[in-house]
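Here the structure comes first, spelled out in structure tokens, and everything after it is commentary.
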Amino acid sequence: MCLGVPMQVLEIRDDMVVAEIDGVQREASLMMLGDPVAVGDYVIVHAGFAISRIDPAEAEETLRIMREIFTPEDMA
Amino acid sequence: MKFQDEYRDRGLVQGLAAAIADEARQLPEPVRLMEVCGTHTMAIAQFGLKSLLPEQVKLVSGPGCPVCVTPVSYIDHAIALSGLPDTVITTFGDLLRVPGSCSSLMAERAKGADVRIVYSALDAVKLATELPEKQVIFLGVGFETTTPTVAAAILAAQQQRLGNFSVLTSHKTMPGPMQALSADPELKIRGYLCPAHVSTVIGSDAYLPLAEKFGIPCVVTGFEPADLLQGVLMLVRQCRAGQARVENQYSRAVTRQGNTKAQELIRHLFEPADAVWRGLGVLPDSGLVLSEAYAAFDAARKFQIELPDASEPAGCRCGEVLTGRIAPADCPLFGTVCSPETPVGACMVSSEGSCSAAWRYGQ
């Protein structure tokens with residue numbers, strides 16, 4: 001439906017960014033993004049557009065909840 | 001890769017699978033959960049997640065692959081346009097091999113039609129500037145993740161006053177088909193894994209009416225294995241507690257109200273319209289057409305052209321596969337007449353179709 005990958009913004013040039021994932025650099029348009037983007041941010045890129053900015057705090061919170069489900073000794 | 005590998009951690013996935021099994025043991029009866037997005041279908045198959053789920057929890061695929069739900073009449077229309085003189089058809093790769101009533105874009109290309117794969121609608125606009133003597137037509141197929149990119153490309157073409165760029169649109173919206181499937185008592189869907197990137201645009205609140213009206217829990221879910229299992233866990237917990245809430249597992253990218261700029265792009269250029277879905281028929285207001293103000297960019301209005309009577313390939317049961325009524329293996333053509341080398345139906349052609357996923361990664 002809409003695979004998009006999280007890429008890190010390396011450079012911003014008016015309404016385009018250069019973003020990178022695993023050493024691959026790609027241009028992406030910012031025309032779809034309302035909120036501001038800064039160099040170093042992570043955005044989801046789909047079909048040549050940055051469609052969303054990843055919220056690092058939420059990303060961490062999701063992982064925390066996942067880890068909370070089982071206590072370390074459950075893993076033994 | 002940051003924001004990806006962490007959610008593929010084996011320990012996390014095993015822990016989540018164990019938690020699902022614990023919860024599922026308390027379920028009064030088995031539950032059928034539907035993942036609506038084609039990218040989810042592929043990720044579930046690719047990471048073998050069904051093998052990690054207990055007997056009581058069954059995942060079925062829904063109508064979330066844009067190529068699969070596109071009716072054969074659209075492919076015929078694109079094929080007819082590819083036959084016009086001085087015309088270049090630009091498309092995402094997936095549409096190339098989808099069978100029309102009597103041909104495919106790939107077959108037409110082999111006979112000399114100018115059909116090119118592009119990565120973005122903006123590439124098609126760039127091509128139109130490089131080939132002023134040609135009419136460049138982009139095949140705009142996709143849900144709310146892709147529609148704003150097509151809208152932005154049309155605005156770019158308008159800004160550059162391009163008279164040789166247009167789009168043959170077949171954009172569809174969510175959660176229309178989910179409502180249609182929820183109303184079907186035979187399907188007995190007890191929960192939805194809601195699309196990840198469509199939801200970055202429409203927002204998780206878009207599923208509230210459906211959850212309330214049909215009493216079916218909805219969890220917006222990411223694409224990684226741990227995301228998907230956490231989404232299933234959240235659904236199973238709601239099933240156990242008899243709840244029907246909308247939850248957002250993919251909170252790192254999805255908010256309640258979604259991407260208002262992308263929504264504005266869609267509203268500015270498109271308007272809701274009835275749409276034909278393979279396997280579901282006509283669903284009211286479940287599609288988008290270009291508004292009158294942008295008719296000059298609408299290839300369907302710009303080029304008057306004769307279309308053959310649309311006919312689905314004989315014996316093809318893609319319509320039932322993509323509504324979760326049957327599994328790929330239940331289709332008599334699966335693995336015999338229909339395979340990736342000789343695809344009969346769209347669910348086998350598309351890289352996100354459930355038949356393609358079942359073939360490549362097994363059941």
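Order of the sequence lines sets the chain letters (A, B, ...), proteins ahead of strands, with each chain counted from 1.
With hydrogens and angles disregarded, a donor-acceptor distance shorter than 3.5 Å links the side chain of A/Ser52 to the backbone of B/Ala253. Although no hydrogens or angles enter the test, the distance criterion places a donor-acceptor pair under 3.5 Å between the side chain of B/Ser120 and the main chain of A/Ala47.
A donor-acceptor pair shorter than 3.5 Å cannot be found between the side chains of B/Thr149 and A/His46.
Closest approach of B/Gly15 and A/Ile69 over heavy atoms only: O-CG2, 4.4 Å. Across A/Leu63 and B/Leu12, no two heavy atoms sit closer than the pair CD2-CD1, 3.8 Å. In plain terms, the two heavy atoms of B/Asn259 and A/Met32 that are nearest each other are ND2-O, 2.8 Å. The two residues B/Lys2 and A/Pro6 have their closest heavy-atom pair at O-CG, 3.9 Å. Across A/Ala59 and B/Tyr7, no two heavy atoms sit closer than the pair O-OH, 2.7 Å.
For B/Val201, the part lying under 4.5 angstrom from a heavy atom of chain A is the side chain only. For B/Asp227, the parts lying near chain A are the backbone and the side chain together; criterion is any non-hydrogen pair under 4.5 Å. For B/Gln249, the parts sitting under 4.5 Å from any heavy atom of chain A are the backbone and the side chain alike. Both the backbone and the side chain of A/Thr62 come within contact range of chain B, with heavy atoms under 4.5 Å apart. In this structure, chain A has a heavy atom under 4.5 Å from the side chain of B/Gln230, while its backbone stays farther away. Heavy atoms of B/Leu229 lying under 4.5 Å from chain A are absent altogether.
For residues 9-21 of chain A, a heavy-atom distance under 4.5 Å to chain B picks out A/Ile21, given by residue number.
Atom CZ of A/Phe49 is separated from atom OG1 of B/Thr145 by 13.0 Å, given to the nearest 0.5 angstrom. Once rounded to the nearest 0.5 Å, the distance linking CG of B/Leu233 with CE of A/Met66 reads 10.0 Å. Distance CD/B/Gln4 to OH/A/Tyr42: 11.0 Å, rounded to 0.5 Å.
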Open item on the list: Go through it in stages, so that I can follow the logic: the residues are A/Ile44 and B/Phe3, the test is side chain to side chain contact (heavy atoms under 4.5 Å, CB included), and I'd like the CA-CA distance, side-chain angles, deciding distance and then a yes or no.
Closed with: CA-CA 10 Å; A/Ile44 294 168; B/Phe3 297 125; over 6 Å; no
TODO: Take B/Lys261 and A/Asp35 through the test side chain to side chain contact (heavy atoms under 4.5 Å, CB included) and record every step on the way to the result.
DONE: CA-CA 9 Å; B/Lys261 185 167 184 201; A/Asp35 38 21; over 6 Å; no
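The side-chain tip of A/Arg26 points at the ring of B/Tyr119 from less than 6.0 angstrom away and within 45° of straight on.
Contact tally against chain A (heavy-atom pairs below 4.5 Å) for B/Ala262, B/Ala121, B/Ser251: the top residue is B/Ser251.
Within 6.0 Å of atom CZ in B/Arg256, 12 or fewer heavy atoms from other residues, nucleotides or ligands are found, so the atom counts as exposed in its surroundings.
Remark: B/Thr169 pairs with B/Val167, B/His171, B/Phe270, B/Leu290 by the side-chain contact (heavy atoms from CB on, under 4.5 Å) rule, at least two apart or across chains.
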